[in-house]
Amino acid sequence: MELPEVEVMRRDLEKEVVGKRIKAVEVRPQRNAMRVIRRHARRKEFSDRLAGKKVTKVDRKGKYILMYLDDGDVLIVHFGMSGQLIRGQKRQSLPQHTHVVMEFQQGGDMRYVDPRTFGEMFVTAADELGKVRELDHIAIDPLEDTFTWQEFSYELGRRASKLKPLLMDQKFVSGLGNIYSDEVLFAAGLKHDRMSDSLSSQEVRRLYRAMRETLQDAVRFRGTTLDDEAYVDLFGKPGEFQSELKVYGRKGLPCRRCRTPIDSIKVAGRTSYFCPQCQS
DNA sequence: GTTTAACCCTGCACGC
DNA sequence: TGCGTGCAGGGTTAAA
C-alpha cells in the first residue's frame, strides 16, 4: 500500500470513525497478532490503551496512518504490503488473518487484517511522536503545498543516487513504493537508473509534475488493486487505478504511448517496469 | 554517502 | 495430485 491507498484509507477513516468511541479491543490469539502489535509487550497493554477513547482526528504521514485519541494518545497504523482496515459488524465472521478487532460504542467494528504481517499497529503519546524514529525520518509529502519544485530540485542535486531507489526512499520523499515510482518515472520520461544530479532543470520539472499528477490521479481513482494484491478501502471496495497503469506489471505489453514492448529489470531487489523508447 | 542483501511472512504460480 | 522453489512487497539494518 502506497501513498494513494493510504490517503484513501485516511479519508474513509475521517468520515467513518472520527467521533466514535472505542468500546473494546481484541488482539486475536494467534501468534502473528503479536507480530502486528510488536512494539507492545502484551495484548492487554495495547487494548487497555485504546478502550474507552474517542477518535478525534486522522492524519497521514507518508504511508502511516495516525489516529488521534481524546486523551492525547495516538494509534499508529502501517499497512506493510498486505495490511487492511475493514469496517465490519459484530455478527460477521472474521476474515482469515484478522489480528485486531476494535469495537465501537456506536455499533460496528473495525478489523485489522494482514496475511504477511509486514504491517503494524502501536499506540504512543502524541507528544512522544518525535521519539518514533521511522516517523521522525519521513520526508516531505509530495502532495503538500510546501513541496515546491525548487526545493525538490535542490534535494535531487544534493544526492548522487539512481532515481528509482531515491524516489522510494522515504527519507527523500514520502509515500512512493514500487508501483508509483515506476509510473512517475514513465510519466516523466526518465529511466530508473538516471542519476539524480544529472537532471536538466526541464527534467526536474517534468519529474516534479509527474509525481504530483500521478499521485493525485491515483487518489482520485481510489488507489490500485492488482489481481494478486488485496488492497480494498475501508468498506471492502477495490480501487480503480490499475486500469490506468502505464508500465507497472505490463512486461511485454505494448507501451500505451509508442507501442514498444514494456521491459522490466531488477533494481535494488525490486522489479522495475519501463518503456525502453519513452524513458531515457 | 550510496548500494546491496538479508530479514520478516503468506499465498500463489510454476516446474517436475 | 503433490511437492519444493521462487517471487512479491515496505522498511530497517548491517555490511560492502
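Chain identifiers are assigned alphabetically (A, B, ...) following the order of the sequence lines, protein sequences preceding nucleic acid strands; residue numbering begins at 1 within each chain. Note that the coordinates shown come from a computational prediction; the quantities given were computed from them, not determined experimentally. Because only heavy atoms are used, hydrogens play no part in the values below, and waters and symmetry mates are left out as well, while side chains stay in.
Considering every non-hydrogen atom in both Glu134(A) and Arg39(A), the closest pair reads OE2-NH2, 2.8 Å. Taking both residues in full, the closest heavy atoms of Arg257(A) and Ala187(A) are given as NH2-O, 4.4 Å, listed atom of the first, atom of the second, then distance.
Taking the centre and axis of the six-membered ring of Phe186(A), the NZ or CZ atom of Lys246(A) falls outside the cone set by 45° and 6.0 Å.
Following rounding to the nearest Å, Tyr273(A) (OH) and dC7(C) (P) show an atom-to-atom distance of 12 Å. Going from atom NZ of Lys162(A) over to atom P of dT2(B) covers 13 Å, rounded to whole Å. The interatomic distance linking Leu167(A) (CG) with dT2(B) (P) rounds to 14 Å, in whole Å. Look at CG on Asp182(A): it is 14 Å from C1' on dA8(C), rounded to the nearest Å. Here the C1' atom of nucleotide dT12(C) and the CZ atom of Arg35(A) are 12 Å apart, to the nearest Å. Rounded to whole angstrom, the span from the CD1 atom of Ile138(A) across to the P atom of dG10(C) amounts to 14 Å. Nucleotide dA6(B) holds its P atom 15 Å from the CZ atom of Phe118(A), rounded to whole Å. One interatomic measurement links the two molecules: CG of Leu166(A) to P of dT2(B), which rounds to 8 Å at whole-angstrom precision.
Taking only side-chain atoms of Ser161(A), from C-beta outward, the nucleotide of dT2(B), dG11(B), dG10(C) with the closest atom is dT2(B). Side-chain proximity of Gln170(A) to dG11(C), dT12(C), dT3(B): nearest is dG11(C). Considering only side-chain atoms of Thr271(A), the nucleotide from dA8(C), dG11(C), dT3(B) that sits closest is dA8(C).
With the nearest nucleotide of DNA chain B identified for both Arg159(A) and Arg270(A), Arg159(A) has the one nearer the 5' end. If you find the closest nucleotide of DNA chain C to Arg133(A) and to Asn178(A), the one lying nearer the 5' end belongs to Asn178(A).
Salt-bridge annotation for Glu2(A) and Lys63(A): absent, with no side-chain N of the basic residue lying under 4.0 Å from a carboxylate O of the acidic one. A salt bridge is defined here as a Lys NZ or Arg NE, NH1 or NH2 lying under 4.0 Å from an Asp or Glu carboxylate O, and Lys164(A) with Asp193(A) fails to meet this definition.
Residue side chain Arg116(A) reaches the base of dA8(C) through a donor-acceptor N/O pair under 3.5 Å, judged by distance alone.
Applying the 4.0 Å criterion to OP1 and OP2 of dT10(B), one finds that Thr117(A) has every side-chain N and O outside that range. Between His78(A) and dG10(C) there is no side-chain polar atom (N or O) within less than 4.0 angstrom of OP1 or OP2. The phosphate of dG11(B) has OP1 or OP2 within less than 4.0 Å of a side-chain N or O from His97(A).
Backbone-only engagement by Lys266(A) is indicated by non-hydrogen atom pairs under 4.0 Å involving sugar-phosphate atoms exclusively. Asn32(A) comes within 4.0 angstrom of sugar-phosphate atoms only, judged by non-hydrogen atoms across all strands, and of no base.
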